[in-house]
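The structure appears below as structure tokens.
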Amino acid sequence: MIQKYVYGHPFPTDAVVKEIETAKEPLPFFETDNQGSFTYTLAEDDIVYGLGEQIRGINKRGWQYVSWNYDNPNHHEDTRSLYGSHNFIIVCGKVTFGAFFDYPGKMEFDIGYTRRDTMQIKAAKNDLTVYIITGENEKDIVKQFRGIIGRSYIPPLWAFGYGQSRWGYKNEADIREVAAKYKAAGIPLDSIYLDIDYMERYKDFTVDEERFPDLKGLAADMQAEGIHLVPIIDAGVKIEDGYSVYEEGVEKNYFCKNAEGGDFVGAVWPGRVHFPDFLQPEARDWFGKKYAVLTEQGIDGFWNDMNEPAIFYTEDRLADTCAEIEKLTAGNMGIDEYFAFTGMVAGLNGNIGDYDKFYHNVNGQMVKHSEVHNLYGMNMTRSANEALREICPDKRTLFFSRSSYVGAHRYGGIWQGDNKSWWSHILQSMQQLPALNMAGFLFTGSDTGGFGCDTTEDLMLRWLQYSLFTPLFRNHSADGTREQELYRFSNADAAGNMIRIRYSLVPYLYSEFLKAALRDEMMFRPLAFDFADDADAKQVDDQLLLGNELMIAPIYKQNAKGRYVYLPEEMMLVRMRSDEDYETEILPKGHHYVPAELNELVFFIRNQKAIPFAKAAKNTAETDWNTVRLLGYSGCSYEMYADNGTSPNPEDSLTVSVIEK
Ligand code: GLC
């Protein structure tokens with residue numbers, strides 16, 4: 001059952017797409033002060049799941065989280081906001097229910113932080129819609145919620161292949177070198193990403209003619225090798241006379257405005273930019289149609305970035321800061337002046353006050369950005385998705401975004417934002433997966449190997465052993481960090497084996513993805529979602545169920561030669577060194593220490609289940625689905641969902657077959 005409660009005058013976020021009548025009975029479970037604050041008393045054993053892309057464990061209890069889409073590549077346990085805001089939780093314990101707080105501005109979730117027994121959720125204003133969902137269990141609550149927010153985006157099949165990315169590929173030769181070296185190393189590859197350097201001075205929808213003189217030719221050559229090029233698109237539009245995107249946007253009033261009615265100026269990669277007003281349908285249509293500049297050159301995938309939007313500085317704050325710094329540095333800089341100085345410089349980037357300084361035009365009304373902040377990235381991806389459906393109506397285009405809100409899951413995937421080459425960020429990514437799935441985000445994954453900082457050979461290998469299970473599987477790193485294309489490492493053979501295992505698993509991963517999307521289910525679940533009466537399963541927050549057949553328990557610790565794993569039922573352990581070199585062993589329910597050498601992938605097949613396993617191919621287009629055989633318990637069958645991987649509507653080519661062992 002879903003009950004809807006409306007407070008004040010909520011902004012229409014488009015998160016919920018189903019009409020639901022406002023409930024007549026009083027709000028259950030929570031006390032509200034009718035000022036935007038909702039309080040729930042937590043029982044000692046209550047668990048709180050959800051919040052999508054957030055830090056800390058699968059059980060969110062014990063910290064305060066803030067929904068405010070924010071660019072924080074250095075996030076750790078102390079962080080409160082990340083790139084996306086997904087205000088859906090499930091309280092599980094004394095009573096079990098789901099709650100979605102549909103509010104697009106800043107929202108705080110104090111989940112046993114101030115007081116261990118109290119959850120207090122607070123919207124910046126009392127203008128929001130609250131949905132309370134009750135059901136048979138957590139999975140049922142998720143299914144009901146997903147039923148009202150609309151079907152999750154389904155990418156083309158090739159997006160399930162392995163992708164190589166780096167902020168640092170400067171020209172066509174760099175891209176060709178990556179493709180050639182992967183080929184020479186015999187490592188499968190489906191995509192290479194083009195980061196900001198393909199553009200002419202960071203201008204969206206331009207291509208630098210010197211560095212990429214023939215993008216169309218390059219894209220065609222890559223396609224011939226089965227490789228798709230995926231360029232980045234940034235939210236900010238460079239202010240530059242003669243640049244048509246800038247000039248059209250100004251002329252048509254498609255950019256966000258400042259309080260005086262002029263176009264708001266922020267700064268990102270190209271320096272001074274305007275931000276498209278993605279809340280205006282006309283501006284969305286206009287910006288989205290620009291993607292054709294690249295599709296005409298053979299591009300069929302995009303990643304949308306910096307769309308929180310990230311703002312390095314605003315001109316006003318920069319001027320004030322410079323004036324203040326001049327004063328501070330005029331005399332002897334003591335402790336107070338020194339900290340004021342460093343604080344002011346650090347405070348230029350992503351300053352929350354800057355988001356009060358610009359406005360969206362919503363049907364002629366000027367709406368302050370900070371009140372609808374979390375919708376910006378979603379509407380950028382919506383702009384691309386809706387336009388591309390017109391531009392390329394016959395096929396699916398790959399999209400994923402950095403910033404998101406509930407509802408964005410209908411338009412594209414998300415990657416989990418900038419991370420670091422830290423062991424803890426493997427775990428962090430894994431812990432977000434079920435919470436993201438709850439909110440509809442199925443096509444997701446982390447920057448494998450870590451984006452910031454220098455990676456290491458062992459970290460990369462262990463990260464691959466985790467990421468090879470995530471729908472989005474991309475190796476990405478930042479300019480200036482250690483290069484991390486797999487062929488560079490002395491253990492490239494082992495890394496290549498992991499990629500080949502991924503390709504053997506694509507039929508299973510794609511099938512389970514389709515099932516999750518078409519049935520409004522989760523692909524990744526905490527153990528307790530399937531083993532509700534198992535007290536030990538409730539404690540596990542570094543293992544996940546994947547689809548209906550697998551359990552994963554990645555290794556995320558430096559120098560670990562294995563790990564403890566909890567099996568909530570008898571399972572088959574699979575130890576793989578390559579797609580052709582593996583052994584299996586049945587382990588009983590209970591706690592086990594499972595050894596796993598660095599070059600060994602370990603995962604588990606659930607009791608009396610089996611998965612389809614194909615012969616590894618050099619890319620997804622060459623996967624021979626006829627080579628699919630079952631791996632797992634004998635005498636079992638698997639229900640396989642498949643389609644042609646490209647048709648805009650998967651139902652048009654969907655096949656459901658039963659594979660018997
Ligand atoms: C942002 C993105 C990152 C990208 C970089 C340069 O930090 O999150 O993925 O490489 O910008 O475009």
Side-chain angles (χ1 to χ4, degrees), residues 69 71 167 194-212 231-280 282-294 302-323 345 347-361 366-370 372-373 376-377 379-380 383-384 387 401-403:
N69 293 352
D71 175 13
W167 172 18
L194 302 180
D195 208 317
I196 45 176
D197 296 305
Y198 80 87
M199 297 182 219
E200 189 207 324
R201 285 172 297 124
Y202 314 120
K203 289 186 291 185
D204 280 335
F205 312 116
T206 66
V207 178
D208 187 287
E209 281 181 7
E210 256 174 49
R211 285 178 286 119
F212 289 87
I232 196 168
I233 303 289
D234 283 313
V237 170
K238 185 173 200 282
I239 299 175
E240 184 181 284
D241 287 338
Y243 169 38
S244 64
V245 184
Y246 156 72
E247 289 185 342
E248 283 168 32
V250 169
E251 189 200 317
K252 300 199 165 125
N253 282 314
Y254 286 159
F255 292 129
C256 293
K257 298 288 181 189
N258 58 30
E260 291 75 43
D263 293 320
F264 174 76
V265 180
V268 202
W269 306 119
R272 297 161 73 244
V273 298
H274 291 321
F275 293 107
D277 184 356
F278 290 115
L279 266 52
Q280 285 183 46
E282 301 78 20
R284 277 204 297 274
D285 187 57
W286 163 75
F287 193 86
K289 296 264 166 64
K290 300 280 173 214
Y291 285 71
V293 168
L294 292 154
F302 298 92
W303 46 313
N304 283 349
D305 191 25
M306 307 303 272
N307 51 1
E308 293 70 29
I311 304 178
F312 292 169
Y313 63 86
T314 58
E315 287 199 313
D316 290 352
R317 191 174 300 278
L318 184 66
D320 292 352
T321 303
C322 290
V345 175
L348 282 173
N349 183 10
N351 194 300
I352 198 157
D354 291 339
Y355 296 88
D356 283 330
K357 303 273 170 61
F358 62 103
Y359 296 81
H360 298 273
N361 177 351
M366 298 315 275
V367 175
K368 197 186 273 187
H369 174 82
S370 54
V372 292
H373 172 69
Y376 193 78
N379 281 289
M380 179 181 181
S383 140
S401 166
R402 192 169 75 174
S403 170

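- Across all their heavy atoms, Phe358 and Pro309 have their closest contact at CZ-CG, 4.3 Å.
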- [ ] Would you sort out whether Met380 and Phe275 count as a side chain to side chain contact (heavy atoms under 4.5 Å, CB included), showing the intermediate values?
- [x] CA-CA 11 Å; Met380 179 181 181; Phe275 293 107; over 6 Å; no
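- Asp195 contributes no side-chain N or O that, together with a main-chain N or O of Asp197, makes up a donor-acceptor pair within less than 3.5 Å.
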For residues 256-270, run the donor-acceptor check on the side chains, cut-off 3.5 Å, and write out each pair with its distance to 0.1 Å, sequence neighbours left out.
residue, atom, partner, partner atom, Å
Lys257, NZ, Asn253, OD1, 2.6
Lys257, NZ, Asp263, OD1, 2.8
Asn258, OD1, Glu260, N, 3.0
Asn258, OD1, Gly261, N, 3.0
Asn258, OD1, Gly262, N, 2.8

Open item on the list: Set out, in order, the CA-CA distance, both residues' side-chain angles and the distance that settles side chain to side chain contact (heavy atoms under 4.5 Å, CB included) for Asp204 and Tyr243, then state yes or no.
Closed with: CA-CA 10 Å; Asp204 280 335; Tyr243 169 38; 3.7 Å; yes
TODO: Begin with the C-alpha distance, continue with both residues' side-chain angles, and end with the deciding distance and a verdict on side chain to side chain contact (heavy atoms under 4.5 Å, CB included) for Phe287 and Ile233.
DONE: CA-CA 11 Å; Phe287 193 86; Ile233 303 289; 4.0 Å; yes
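- In this structure, the separation between NE2 on His360 and CG on Asn379 is 9.0 Å, given to the nearest 0.5 Å.
- In this structure, NE2 in His274 is found 6.0 Å from CZ in Phe255, a value given to the nearest 0.5 Å.
- Between Asp316 and Lys357 there is no salt bridge, since no side-chain nitrogen of the basic residue lies less than 4.0 Å from a carboxylate oxygen of the acidic one.
- Proximity of a side-chain donor or acceptor of Ser383 to a complementary backbone N or O of Gly288 within less than 3.5 Å is detected.
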TODO: Decide side chain to side chain contact (heavy atoms under 4.5 Å, CB included) for Asp354 and Tyr313; before the verdict, give the C-alpha distance in whole Å, the side-chain angles of both, and the deciding distance to 0.1 Å.
DONE: CA-CA 8 Å; Asp354 291 339; Tyr313 63 86; over 6 Å; no
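- The two atoms that bring Gly377 and Ser401 nearest to each other are O-OG, 4.2 Å, heavy atoms only.
- Residues meeting the side-chain contact (heavy atoms from CB on, under 4.5 Å) test with Lys252, sequence neighbours left out: Tyr254.
- Of the residues Glu200, Lys238, Arg201, the one that meets the side chain to side chain contact (heavy atoms under 4.5 Å, CB included) test with Thr206 is Glu200.
- Taking the salt bridge (charged side-chain N to carboxylate O under 4.0 Å, His left out) definition, one finds that Asp234 meets it with nothing, sequence neighbours left out.
- Applying the ring pair (Phe, Tyr, Trp, His ring centres under 6.0 Å) criterion to Phe302, with sequence neighbours excluded, gives Tyr291.
- Under a 3.5 Å cut-off, the side chain of Tyr198 and the backbone N or O of Ile232 do form a donor-acceptor pair.
- Of all non-hydrogen atoms in Trp303 and Leu194, the two that sit nearest each other are NE1-O, 3.7 Å.
- Between the side chain of Asn307 and the main chain of Ser403, a donor-acceptor pair closer than 3.5 Å is present.
- Residues passing the side-chain contact (heavy atoms from CB on, under 4.5 Å) test with Glu247 are Asp241, sequence neighbours excluded.
- In this structure, the side chain of Asp277 engages the main chain of Asn361 through a donor-acceptor pair within 3.5 Å.
- One finds the CG atom of Leu318 at 12.0 Å from the CG atom of Asn351 (value rounded to the nearest 0.5 Å).
- Evaluation of the ring pair (Phe, Tyr, Trp, His ring centres under 6.0 Å) rule for Tyr355 yields Trp68, His369, His373 as partners, not counting sequence neighbours.
- Because its NZ or CZ atom is not both nearer than 6.0 Å to the ring centre of Phe205 and within 45° of the ring axis, Lys290 does not count as a cation-pi partner of that residue.
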